[in-house]
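The structure presented is a predicted model; accordingly, all values stated were derived computationally and were not measured.
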Amino acid sequence: MEAALLIKQELVHLNMQAANQKDLFEQMFRQPLHLGYVKNSFLKGVMEREAVFPTGLKLNNYSIAIPHTDPEHVVEQFIGIAILDTPVSFALMDDHSKTTDVKLVFLLGLNQPHSQLAILQELMQVIQMEENLERLLTASDCEQIKSVFEDIHLQEKQEVKKE
């Protein structure tokens with residue numbers, strides 16, 4: 001599954017202002033709910049899961065978060081993206097006692113278990129390269145964000161052809 005196909009323009013928030021994690025989640029939840037992508041239970045599910053299984057990830061010079069919840073809260077699959085003006089604190093995925101200040105958030109709305117692994121693998125490919133994170137953080141529109149994911153997908157196809 002190609003992650004770029006799940007990135008919806010109406011779910012990309014550039015220069016988002018959020019006071020804290022709760023405010024961020026509430027803002028990112030409104031549009032998917034309005035569009036019928038999620039059930040009312042989605043927001044509570046994301047907040048509860050984040051409290052138990054934090055998604056903050058510190059990468060060299062950047063920190064990101066990948067909040068998500070169980071498939072039963074999702075009607076139609078999507079990836080919501082927020083680029084924050086001011087970082088929001090997230091507990092670290094690998095050490096819940098520590099936090100990191102996040103400027104880039106990928107809200108995953110996935111309801112097909114087999115695609116979840118593929119999407120997470122593709123997302124990891126994107127975020128492990130600092131150049132991609134810089135492109136995402138400086139993007140001025142949804143198409144620039146999608147192009148980062150499309151470039152990774154093209155690289156994968158080229159590598160398969162070489163083999």
Margin query: Can you tell me how far apart CD (Gln77) and CG (Leu5) are? Round to the nearest 0.5 Å.
Written below: 11.0 Å
Notebook entry, point to check: Is Asn111 reaching over with its side chain to a backbone N or O of Val75, donor-acceptor style, under 3.5 angstrom?
Noted result: yes
Margin query: Applying the side chain to side chain donor-acceptor pair (under 3.5 Å) criterion to Ser41, which one of Glu72, His73, Glu48 satisfies it?
Written below: His73
Note to self: Give me the atom names and distance for the closest heavy-atom approach of Ser63 to Asp101.
What the structure shows: CB-O, 3.2 Å
Item checked: Heavy-atom pair with the smallest gap, counting every atom of Lys103 and Asp85 -> NZ-O, 3.6 Å
Margin query: Please enumerate all residues that pass salt bridge (charged side-chain N to carboxylate O under 4.0 Å, His left out) together with Lys58, with sequence neighbours excluded.
Written below: none
Notebook entry, point to check: Roughly how far, to the nearest 0.5 Å, is CZ of Phe42 from OG1 of Thr69?
Noted result: 6.5 Å
Next item on the list: Examine Ile83 and Val126 and state if one hydrophobic cluster contains both, with Ile, Leu, Val, Met, Phe, Trp and Tyr joined whenever side-chain heavy atoms are less than 4.5 Å apart.
Entry: yes
Next item on the list: For the pair His68 and Leu110, evaluate side-chain contact (heavy atoms from CB on, under 4.5 Å) and give the outcome as yes or no after the intermediate values.
Entry: CA-CA 8 Å; His68 55 284; Leu110 304 174; over 6 Å; no
Margin query: Membership question, hydrophobic clusters at under 4.5 Å side-chain separation (ILVMFWY): are Leu117 and Phe53 in the same one?
Written below: no
Checklist line | Reported CG-to-CZ distance for the pair Asp151 and Arg135, which is rounded to 0.5 angstrom | finding: 4.5 Å
Margin query: Any heavy-atom pair between the side chains of Val102 and Pro87 that's under 4.5 Å?
Written below: no
Margin query: Side-chain heavy atoms nearer than 4.5 Å, only ILVMFWY residues, links allowed to pass through others: does that put Tyr37 and Met47 together?
Written below: yes
Check: Going by heavy atoms in the side chains, are Ile66 and Met124 under 4.5 Å from each other?
Finding: yes
Note to self: Could you go through Glu134 and Tyr62, starting from their C-alpha distance and side-chain angles, then the distance that decides it, and tell me whether this counts as side chain to side chain donor-acceptor pair (under 3.5 Å)?
What the structure shows: CA-CA 9 Å; Glu134 289 169 3; Tyr62 301 99; 3.3 Å; yes
Next item on the list: List the steps, then state whether side chain to side chain donor-acceptor pair (under 3.5 Å) holds for Arg49 with Thr55.
Entry: CA-CA 9 Å; Arg49 189 177 196 295; Thr55 63; over 6 Å; no
Margin query: Is the shortest side-chain heavy-atom distance between Leu120 and Leu108 below 4.5 Å?
Written below: yes
Check: Can you name the closest pair of heavy atoms from Ile127 and Leu59 and give their distance?
Finding: O-CD1, 3.7 Å
Margin query: Quick one, Phe106 and Ile119 - any side-chain contact, counting heavy atoms below 4.5 Å?
Written below: no
Next item on the list: Measure the shortest side-chain to side-chain distance between Glu26 and Leu43 over non-hydrogen atoms and say whether it is less than 4.5 angstrom.
Entry: yes
Checklist line | Cluster overlap Met28 with Leu33, hydrophobic side-chain contacts below 4.5 Å | finding: yes
Note to self: Nearest 0.5 Å, please: how far is CG in Leu123 from CZ in Phe149?
What the structure shows: 5.0 Å
Notebook entry, point to check: Between atom CZ of Phe29 and atom CG of Leu107, what is the distance when rounded to the nearest 0.5 Å?
Noted result: 10.0 Å
Note to self: Walk me through whether Val105 and Val88 qualify under side-chain contact (heavy atoms from CB on, under 4.5 Å).
What the structure shows: CA-CA 10 Å; Val105 179; Val88 169; over 6 Å; no
Margin query: A side-chain contact here means heavy atoms from C-beta on lying under 4.5 Å apart; do Phe78 and Gln31 qualify?
Written below: no
Next item on the list: For the residue pair Leu11 and Ile79, establish whether any side-chain heavy-atom pair is separated by less than 4.5 Å.
Entry: no
Next item on the list: Can you see which heavy atom on Ala18 is nearest to which on Gln27, and at what distance?
Entry: CA-NE2, 3.8 Å
Checklist line | Which atom of Glu2 lies closest to which atom of Glu122, heavy atoms considered | finding: CA-OE1, 3.6 Å
Note to self: Ignoring hydrogens, what is the shortest heavy-atom contact between Ala91 and Pro54? Give both atom names and the distance.
What the structure shows: O-CB, 3.3 Å
Check: Linking I/L/V/M/F/W/Y whenever their side-chain heavy atoms sit closer than 4.5 Å, directly or via other members, would Leu104 and Ile145 fall into one cluster?
Finding: yes
Item checked: Straight-line distance of Lys146 NZ to Leu6 CG, nearest 0.5 Å -> 9.5 Å
Notebook entry, point to check: salt bridge (charged side-chain N to carboxylate O under 4.0 Å, His left out) with Lys39: which residues, sequence neighbours excluded?
Noted result: none
